Amino acid sequence: MRTVPHATSPLRRAPVQRRSAERLARILDACAELLDEAGYDALSTRAVAQRAGVPIGSVYRFFGNKRQMADALAQRNLERYAERVTERLAEAGDGGWRAALDVVLDEYLAMKRNAPGFCLIDFGNQIPVGGRPDIPNHRVADRLTDLLSGYLGRAPDDALRRTFLVAVETADALVQLAFRVAPGGDRGIIEEARELLRAYLGRVLD
């Protein structure tokens, strides 16, 4: 079972000082807002610079083009998702894999509904930024394996990674369907997805 390494940074230059990091955050926030308003095709580095209130040179200091900017937003989304899942699992305590599944799915749905730009970019799946479009789900599955293996008391081996990859691919397809059917995600389809994932993971993890 192959694993996909964590993405290399799309940044031309990583921020060192706090002021530079704050400027990068404003650029990515502006990118996310404009994705919601105008879509990826209409996105431009100049529009992002104007929305962020920074010189265009500041955008090019970090990114060579809008694809790299979108890739950086996708990576930030994954980091924030992983942080939130970790926090929720710590709050929940030892609830087993079913509780973990609810946390993982519910936090993904929350980002779909609330995070600016997420419906277009998510973790890189919607627009094939960076590399092959299958790579983002491998990254998500690898990150979840690293996060959940200790919580579940399982070794983070290839079998567990394969299990989570199948679950992530399944959830991704069904959640996308739910959001095509209804703007906030069709609740019936989401609950069908939850039951399907419980049945599959129960066969593997119980």
Side-chain angles (χ1 to χ4, degrees), residues 4-91 103-133 135-144 146-147 168 172 175-176 179-180 183-185:
V4 177
H6 294 307
T8 57
S9 174
L11 295 176
R12 279 179 159 179
R13 182 180 302 176
V16 177
Q17 298 180 339
R18 185 164 116 186
R19 181 178 177 184
S20 182
E22 290 172 349
R23 181 169 291 185
L24 173 60
R26 290 205 309 274
I27 290 169
L28 291 179
D29 289 344
C31 175
E33 292 170 4
L34 289 170
L35 281 168
D36 279 343
E37 293 173 16
Y40 181 76
D41 289 341
L43 184 71
S44 71
T45 53
R46 185 168 297 279
V48 168
Q50 291 174 346
R51 174 64 61 90
V54 301
I56 186 68
S58 294
V59 176
Y60 285 121
R61 172 183 242 182
F62 295 116
F63 307 109
N65 51 53
K66 70 177 185 179
R67 179 173 291 273
Q68 292 176 357
M69 192 160 45
D71 196 19
L73 179 61
Q75 289 189 28
R76 188 177 76 168
N77 286 340
L78 181 55
E79 292 304 320
R80 288 183 171 179
Y81 175 68
E83 288 170 5
R84 186 59 187 147
V85 167
T86 301
E87 290 171 2
R88 285 279 309 278
L89 289 174
E91 293 167 2
V103 167
V104 167
L105 184 57
D106 289 346
E107 286 303 319
Y108 179 55
L109 292 169
M111 290 191 76
K112 287 283 286 185
R113 291 172 178 142
N114 303 314
F118 192 83
C119 278
L120 278 183
I121 292 294
D122 64 34
F123 305 125
N125 289 316
Q126 299 298 85
I127 297 168
V129 292
R132 297 194 313 277
I135 286 179
N137 277 344
H138 280 84
R139 289 178 186 156
V140 175
D142 280 355
R143 183 60 64 86
L144 288 176
D146 294 340
L147 284 177
V168 166
D172 180 37
V175 169
Q176 303 306 337
F179 278 78
R180 287 198 302 271

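No hydrogens, no waters, no symmetry mates; every other heavy atom, side chains included, goes into these values. This one's a predicted model, so the numbers in the text were calculated from it and none came from an experiment.
At least one side-chain heavy atom of Arg113 sits under 4.5 Å from a side-chain heavy atom of Phe179. In this structure, Leu144 and Tyr81 have side chains that are in contact, with non-hydrogen atoms separated by less than 4.5 Å. Residues Lys66 and Ser44 fail the side-chain proximity criterion, which asks for heavy atoms closer than 4.5 Å. You'll find the side chain of Glu83 stays beyond 4.5 Å of the side chain of Glu107, heavy atoms only.
To the nearest 0.5 angstrom, Leu24 atom CG is 11.0 Å from Arg61 atom CZ. Taking CZ of Phe118 as the reference point, atom CG of Leu73 lies at 9.5 Å (rounded to 0.5 Å). Summarising the geometry, atom CZ belonging to Arg51 is positioned 4.5 Å from atom CG belonging to Leu34; distances are rounded to the nearest 0.5 Å. Atom CZ of Arg84 and atom CG of Leu89 lie 10.0 Å apart (nearest 0.5 Å). With rounding to the nearest 0.5 angstrom, the CG atom of Asn65 is 8.5 Å from the OG1 atom of Thr45. Distance CZ/Arg180 to SG/Cys119: 12.0 Å, rounded to 0.5 Å.
Nearest heavy atom pair, residue Pro136 against residue Phe123, reads CB-O, 3.4 Å. Taking every heavy atom of both residues into account, Leu43 and Cys31 meet most closely at CD2-SG, 3.9 Å. For the residue pair Ser58 and Ile27, the shortest heavy atom distance occurs at O-CD1, 4.0 Å. Taking both residues in full, the closest heavy atoms of Leu28 and Ala72 are given as CD2-CB, 4.0 Å, listed atom of the first, atom of the second, then distance. Closest non-hydrogen pair, Ala74 versus Gly124, comes out as CB-N, 3.6 Å. The nearest pair of heavy atoms linking Pro116 to Ala32 is O-CB, 3.2 Å.
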(request) Go through the steps for Val85 and Tyr108 under the test side-chain contact (heavy atoms from CB on, under 4.5 Å), then give the verdict. (result) CA-CA 9 Å; Val85 167; Tyr108 179 55; over 6 Å; no
(request) Take Leu105 and Val175 through the test side-chain contact (heavy atoms from CB on, under 4.5 Å) and record every step on the way to the result. (result) CA-CA 9 Å; Leu105 184 57; Val175 169; 4.2 Å; yes
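Between Glu79 and Arg76 there is no salt bridge, since no side-chain N of the basic residue sits under 4.0 Å from a carboxylate O of the acidic one. With respect to the salt-bridge test (charged N to carboxylate O, under 4.0 angstrom), the residues Glu22 and Arg26 do not qualify.
A side-chain donor-acceptor contact under 3.5 Å links Asn77 to the backbone of Asp122.
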